[in-house]
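All values derive from a computational prediction rather than experimental measurement. Each residue takes its place number in the sequence, starting with 1.
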Amino acid sequence: MIVDVAFDAPVDHPFSYRVPAGWTPAVGQRVLAPLGGARRVGIVLALREGDERVLKSLLAPAEPAPALDVAGLGLARWIAAESLSSVGSTCAALLPPVEQGTATRPGSSRGRSPLDRSVTTPEPAAGVATAPSGVELLVGAGREKRLLEQV
């Protein structure tokens, strides 16, 4: 099986990849794939039959379920056309970022890869609020200075 994947990149075409055995991605699902020598998150735009051995293989699902349904992808395509943007860039702008460490291996029923390690986060400092997703939000006076100290 072959999938067409769009990335957050200024190109007007998707990239084709071979699907590893035992895994059937869905249209609208975000996946990890090699692009330009790096692992990038892209969104599956189409599935088709074929077995092109010359194509690179997808690496892993970035999320266990599709992030966009057919109507959502249609909306993303329309927004991309109206704004002269790429479909991949539009989807990346519409969707929240993929959380680090949530990529699953093909065939795995778990939400996290067995290779992931638990990370303990320290208590937030004064002027730092923690969102439900675990992201730290800098609030209050002096947040720019605290941000620069973290870098």
Side-chain angles (χ1 to χ4, degrees), residues 1-117 119 121 128-139 143-151:
M1 179 179 298
I2 298 172
V3 294
D4 293 328
V5 178
F7 295 94
D8 184 7
V11 294
D12 60 354
H13 61 84
F15 294 85
S16 297
Y17 291 90
R18 186 172 29 91
V19 178
W23 174 32
T24 304
V27 171
Q29 184 177 12
R30 292 193 279 188
V31 295
L32 292 173
L35 182 68
R39 293 170 43 126
R40 301 273 310 265
V41 174
I43 191 160
V44 175
L45 298 181
L47 302 166
R48 54 193 159 101
E49 290 301 318
D51 187 26
E52 293 289 329
R53 297 281 179 206
V54 296
L55 294 176
K56 292 181 181 179
S57 179
L58 289 177
L59 301 173
E63 296 176 320
L68 291 174
D69 60 10
V70 175
L73 278 175
L75 176 64
R77 289 177 196 266
W78 179 82
I79 293 171
E82 290 295 313
S83 63
L84 302 177
S85 180
S86 72
V87 174
S89 295
T90 301
C91 289
L94 288 173
L95 297 169
V98 174
E99 292 184 32
Q100 294 292 338
T102 59
T104 58
R105 290 181 171 204
S108 171
S109 60
R110 296 179 55 193
R112 297 181 71 97
S113 167
L115 300 176
D116 292 340
R117 294 188 174 94
V119 178
T121 43
V128 176
T130 304
S133 64
V135 176
E136 290 185 354
L137 305 173
L138 297 174
V139 294
R143 62 184 175 265
E144 293 87 1
K145 180 181 176 188
R146 291 192 308 272
L147 178 63
L148 290 173
E149 289 170 354
Q150 290 182 1
V151 177

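You'll find the side chain of V19 reaches within 4.5 Å of the side chain of P25, heavy atoms only. Residues L32 and V41 have side chains in contact (heavy-atom distance under 4.5 Å, counting atoms from C-beta outward).
Taken from OG in S86 to CG in D8, the straight-line distance is 6.5 Å, to the nearest 0.5 Å. Atom CG of L94 sits about 7.0 Å away from atom CG of L68, to the nearest 0.5 Å. Between L84 atom CG and T90 atom OG1 the span is 10.0 Å, to the nearest 0.5 Å. Atom CG of D4 is separated from atom CD1 of I43 by 13.0 Å, given to the nearest 0.5 angstrom.
Among residues two or more places apart in sequence or in another chain, the ring pair (Phe, Tyr, Trp, His ring centres under 6.0 Å) test is passed with F7 by F15.
Between the side chain of Y17 and the backbone N or O of L59, no donor-acceptor pair lies under 3.5 Å. Side chain of R53 to main chain of R18: no donor-acceptor pair is present (N/O by atom type, distance under 3.5 Å, no hydrogens or angles). Between the E63 side chain and the Q29 main chain, no donor and acceptor come within less than 3.5 Å of each other.
Nearest heavy-atom pair, V27 versus L45, reported as atom, atom and distance to 0.1 Å: CG1-O, 3.7 Å. Counting all heavy atoms, side chain and backbone alike, A33 lies closest to L58 at CB-CD2, 3.8 Å. Nearest approach of V44 to A26, heavy atoms of both residues: CB-O, 3.5 Å. Taking every heavy atom of both residues into account, A9 and S89 meet most closely at N-OG, 3.4 Å.
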**OP:** Would you check, one step at a time, whether the test side chain to side chain contact (heavy atoms under 4.5 Å, CB included) holds for C91 with R30?
**Re:** CA-CA 10 Å; C91 289; R30 292 193 279 188; over 6 Å; no

**OP:** Decide side chain to side chain contact (heavy atoms under 4.5 Å, CB included) for E49 and M1; before the verdict, give the C-alpha distance in whole Å, the side-chain angles of both, and the deciding distance to 0.1 Å.
**Re:** CA-CA 5 Å; E49 290 301 318; M1 179 179 298; 4.3 Å; yes

